[in-house]
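Just below is one structure, and these are the notes that go with it.
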2 protein chains.
Amino acid sequence: MSAKPFSSVWTRERKGGREQGLSRDQIVRAALELLDAEGLDALSMRKLGARLGAGATSLYWHVANKDELIELVMDEVYSGVVVPEAADWREAASVFAYGMRQAVFDHPWSASLIGVVPALGPNALTSADRLMGAFVRAGFEGIDVDYAMTAVVSYTLGATIPEVAFLSSLKATGKSVTELQAAVDPLMTKLAADRPNLRERYRSYTHQNFDPIVARRLAFEFGLMALLDGLGTRLR
Amino acid sequence: MSAKPFSSVWTRERKGGREQGLSRDQIVRAALELLDAEGLDALSMRKLGARLGAGATSLYWHVANKDELIELVMDEVYSGVVVPEAADWREAASVFAYGMRQAVFDHPWSASLIGVVPALGPNALTSADRLMGAFVRAGFEGIDVDYAMTAVVSYTLGATIPEVAFLSSLKATGKSVTELQAAVDPLMTKLAADRPNLRERYRSYTHQNFDPIVARRLAFEFGLMALLDGLGTRLR
DNA sequence: GGTCACCTCGAACAGTGTGCGAGTAGTGTC
DNA sequence: GACACTACTCGCACACTGTTCGAGGTGACC
């Protein structure tokens, strides 16, 4: 156990200086572009440096290490989710959920990072604050505010991550949905032999020619509404 | 776009052979041990080979590449979650949710993989089949079976991933919860200035000396019950 | 003109996943 | 017993990776 101090970019004082040449914001922006264009694996310090017309090791003046850089870029993702300041709690929660979902869709590489990297950046915090405000105004009391908010965030995360991961692996292979179905089909029919419920469901899917992408979206709506209903009964 | 075929371990025929010396199961078991003991970053083909008394490249006879290996090990994680075959749907959903949560707790490295890696292994599929069966028996109809099940899985995932990630980053630094709170505190008080709801919540947390670990667990229960309530009203 | 903090960056280190091709060992056939 | 063939192991090499170190430059202030 090396017992290095807990450190997030956000817990350190930012270096203040002359800010000529490279700047932290510039680096973060370039990293975001690179990630959006080529995905998580394509982000290397050397490539990022090259993109900025700088040496790879120059970046280390502005950023402690790659993990910190990623924390910074992740907060940019949160900047895409805006929660209305004065709104009904259900409205606020919905807007948050769909906003978050969209933000991850816009930056698919974030799917494998979003619950894992600490979200202490300014954008993440303002989103959380806004959402929390809506729950407070709605009448949730004490620790329930936290619980209710966490529930919405959890559901949104858990629904979005696999959805986006699926879509990007699809894009990476260059196959269409139907091609993929064809690839998975033999496996499915074989494994579904002693899994009756799965088999039945799979059959009705393929027969109806149901687009799994729109199905996912409908599923997101369904679960979110159910959760909000359940939270609603806990008001008072 | 390289257009390589979509491939998962589960979509390929398994090599049949003499099975002397190394075997795929043996490799997967050793990988699981290594991951549990030292975490995701510690898993390298060379280290894994050494652990098995074999050369690193020998592994490539039994496993196409590291990603495939990880798919295989991930299915071992799912083996920890068992869903009772005959049970009330709420009971089944609860057992699944807590089982999944526990499985990720038992293998913290899986937190950053669990929604991202395709879950087409036998263990993942039987869990899904059992859970689905419970919803079918409960009376959910048509696509609602899917929606309801997906909602439970999504919530469980989204709640568990950050929780486990937080705990393992805590363990990695070797700090206690209170030490971490002390580290984050100056940041918090500074940033909470123009985030009134967050500030209020943060104050009541630190004043009550509330253990965030048990708080997380209570939050999990709260959200799960709310979701199940909401799903219940959609029966009939 | 000198000093000093800010900033850049090439070289080097210790790793990583994996393709290739040579080599070995065990089984089946004549 | 000889031969062929398949299953399997593995050293080498390649093209990367994140990061440290220390040497240099460059502009601002005294």
Side-chain angles (χ1 to χ4, degrees), chain A residues 2 4-5 7-9 12-28 30-31 34-35 38-74 109 112-113 116-117 172, chain B residues 2 4-5 7-9 12-28 30-31 34-35 38-74 109 112-113 116-117 172:
Chain A
S2 61
K4 61 180 172 181
S7 89
S8 168
V9 213
R12 293 191 305 111
E13 267 306 314
R14 184 165 171 173
K15 234 174 240 168
R18 254 172 288 158
E19 295 271 329
Q20 51 160 21
L22 283 178
S23 79
R24 173 181 274 195
D25 296 325
Q26 197 183 140
I27 291 172
V28 172
L34 187 52
L35 285 166
E38 303 185 40
L40 191 55
D41 290 346
L43 179 67
S44 79
M45 300 305 266
R46 281 177 242 262
K47 243 191 227 179
L48 183 56
R51 198 184 185 89
L52 288 160
T57 55
S58 304
L59 305 174
Y60 284 88
W61 178 259
H62 305 272
V63 158
N65 50 38
K66 196 184 178 183
D67 286 348
E68 254 199 34
L69 173 61
I70 283 179
E71 279 190 79
L72 290 166
V73 189
M74 274 302 283
W109 49 269
S112 51
L113 261 33
V116 183
V117 168
Chain B
S2 61
K4 60 179 174 183
S7 91
S8 168
V9 215
R12 292 190 308 110
E13 266 307 313
R14 184 165 171 174
K15 236 174 239 167
R18 254 172 288 157
E19 294 273 329
Q20 49 158 25
L22 283 177
S23 79
R24 174 182 273 195
D25 295 326
Q26 198 182 139
I27 291 172
V28 172
L34 187 53
L35 285 166
E38 304 184 39
L40 192 55
D41 289 345
L43 179 66
S44 79
M45 299 306 266
R46 283 177 241 261
K47 244 192 228 178
L48 182 56
R51 197 184 186 88
L52 289 160
T57 54
S58 303
L59 305 174
Y60 283 90
W61 177 259
H62 305 274
V63 158
N65 52 39
K66 196 184 179 185
D67 286 348
E68 257 201 30
L69 173 61
I70 282 179
E71 279 189 78
L72 290 166
V73 189
M74 274 303 283
W109 49 269
S112 52
L113 260 34
V116 183
V117 169

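Per chain, numbering begins at 1; letters A, B, ... match sequence-line order.
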- Rounded to whole Å, the OH-P distance (Y60(A) to dA23(D)) equals 21 Å

- Item | Heavy-atom check, side chain of W109(B) versus side chain of M74(B), under 4.5 Å | yes

- Message: Check the phosphate of dC6(C) against H62(A), side-chain N and O only, distance under 4.0 Å to OP1 or OP2. Yes or no?
- Response: no

- Item | Separation of atom CG in L40(A) from atom P in dC16(D), rounded to whole Å | 18 Å

- Message: Using whole Å, what does the distance between atom C1' of nucleotide dT16(C) and atom CG of L43(A) come to?
- Response: 16 Å

- Message: So, OP1 or OP2 of dT8(C): does either fall under 4.0 Å of a side-chain N or O from W61(A)?
- Response: no

- With respect to the side chain of K66(A), which nucleotide from dT8(C), dG17(C), dG18(D) is positioned closest? dG18(D)

- Message: Quick check: do V73(A) and L113(A) have side-chain heavy atoms less than 4.5 Å from each other?
- Response: no

- Just checking L59(A): base, sugar-phosphate only, or nothing, at a heavy-atom cut-off of under 4.0 Å? nothing

- Which value, rounded to the nearest 0.5 Å, describes the distance between S23(A) atom OG and Q26(A) atom CD? 4.5 Å

- Roughly how many Å is it from CD1 in I27(B) to P in dG17(C), rounded to a whole number? 14 Å

- Which whole-number value in Å describes the distance from D67(B) CG to dT18(C) C1'? 12 Å

- Taking all heavy atoms of L35(A) and all of L40(A), pick out the closest pair and write down the distance. CD2-CA, 3.7 Å

- Applying salt bridge (charged side-chain N to carboxylate O under 4.0 Å, His left out), name anything that partners R51(B), two or more places apart in sequence or on another chain. E33(B)

- Task: Check each residue of residues 48-57 of chain A for a non-hydrogen atom within less than 4.0 Å of any atom in DNA chain C, then write out the ones that pass by number, or none.
- Result: A54(A), G55(A), T57(A)

- Take L72(B) and H62(B), measure what side-chain contact (heavy atoms from CB on, under 4.5 Å) needs, and give me the verdict at the end. CA-CA 12 Å; L72(B) 290 166; H62(B) 305 274; over 6 Å; no

- Please determine if a side-chain N or O atom of S58(A) lies less than 4.0 Å away from the OP1 or OP2 oxygen of dC7(C). no

- Note on the structure: Separation of dG15(C) atom P from K47(B) atom NZ, nearest Å, is 9 Å

- With nearest nucleotides of DNA chain C determined for R46(B) and R46(A) from heavy-atom distances, which residue corresponds to the more 5′ nucleotide? R46(A)

- Roughly how many Å is it from CE in M45(B) to P in dA13(D), rounded to a whole number? 21 Å

- Report yes if some heavy atom in the side chain of L69(B) is under 4.5 Å from a heavy atom in the side chain of L59(B); otherwise report no. no

